[in-house]
Amino acid sequence: QVQLVESGGGSVQSGGSLRLSCAASGYNFSSFCMAWFRQAPGKEREGVASIDSNGVTYYADSVEGRFTISQDNAKTTLYLQMNNLKPEDTAMYYCAAADWAGSLGLLFRFLSGSYNYWGQGTQVTVSS
């Protein structure tokens with residue numbers, strides 16, 4: 001059974017940092033495309049960072065230069081290092097995996113429908 005379990009969320013002040021983790025189990029994720037999404041109250045879920053099976057990373061413009069997506073060598077844990085956090089980063093953060101693709105093109109990598117496994121989410125709250 002495939003499982004994704006996020007952790008590391010919390011409350012920080014503007015300018016602070018958090019590191020989110022996503023523990024993956026039940027399958028060999030080394031050939032998956034994986035991503036972090038977020039959803040704020042009243043807003044649609046949006047992709048913020050993705051990493052393909054070759055380790056190539058992509059970022060939404062809103063987080064470029066502040067967030068870093070990475071995996072451990074065994075590819076069992078996905079991370080999202082978030083620096084210089086802003087109040088607009090406040091959201092529930094989800095990790096996601098696409099078992100049907102090692103890489104996703106521009107139109108699909110930040111489309112939630114491209115991913116078929118999801119974690120339960122971890123809350124990030126940034127105060128000004």
Residues Trp118, Leu4; criterion side-chain contact (heavy atoms from CB on, under 4.5 Å); working and verdict: CA-CA 6 Å; Trp118 292 84; Leu4 300 174; 5.5 Å; no
Tyr27 ring center near Tyr117 ring center (under 6.0 Å):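 No, they do not, as the ring centres are separated by 6.0 Å or more.
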Leu85 versus Arg66, closest heavy-atom pair with distance: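 Distance-wise, the nearest heavy atoms are CA-NH1, 3.9 Å.
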Minimum heavy-atom distance Ala91-Ala40, with the two atoms named: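 The answer is CB-N, 3.8 Å.
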[X] versus [Y]: any side-chain heavy-atom pair under 4.5 Å?
{"X": "Ile51", "Y": "Gln71", "result": "yes"}
{"X": "Arg38", "Y": "Val124", "result": "no"}
{"X": "Val48", "Y": "Tyr59", "result": "no"}
{"X": "Phe37", "Y": "Cys95", "result": "no"}
{"X": "Asp89", "Y": "Phe67", "result": "yes"}
{"X": "Gln120", "Y": "Val5", "result": "yes"}
{"X": "Thr68", "Y": "Tyr79", "result": "no"}

Pair Gln13-Val126, side-chain contact (heavy atoms from CB on, under 4.5 Å): steps then yes or no: CA-CA 5 Å; Gln13 290 191 327; Val126 185; over 6 Å; no
Atom [atom1] in [X], atom [atom2] in [Y]: separation rounded to 0.5 Å?
{"X": "Gln123", "Y": "Thr125", "atom1": "CD", "atom2": "OG1", "answer": "4.0 Å"}
{"X": "Ser21", "Y": "Asp72", "atom1": "OG", "atom2": "CG", "answer": "9.5 Å"}
{"X": "Lys43", "Y": "Met92", "atom1": "NZ", "atom2": "CE", "answer": "15.5 Å"}

Please set out all donor-acceptor pairs under 3.5 angstrom arising from side-chain atoms of residues 100-113, sequence neighbours excluded.
unit_1	atom_1	unit_2	atom_2	d
Trp100	NE1	Ser114	O	2.8
Arg109	NE	Leu104	O	3.3
Arg109	NH2	Leu104	O	3.3

Test log, rule side-chain contact (heavy atoms from CB on, under 4.5 Å), inputs Leu78 and Ile69: CA-CA 7 Å; Leu78 183 72; Ile69 188 172; 3.9 Å; yes
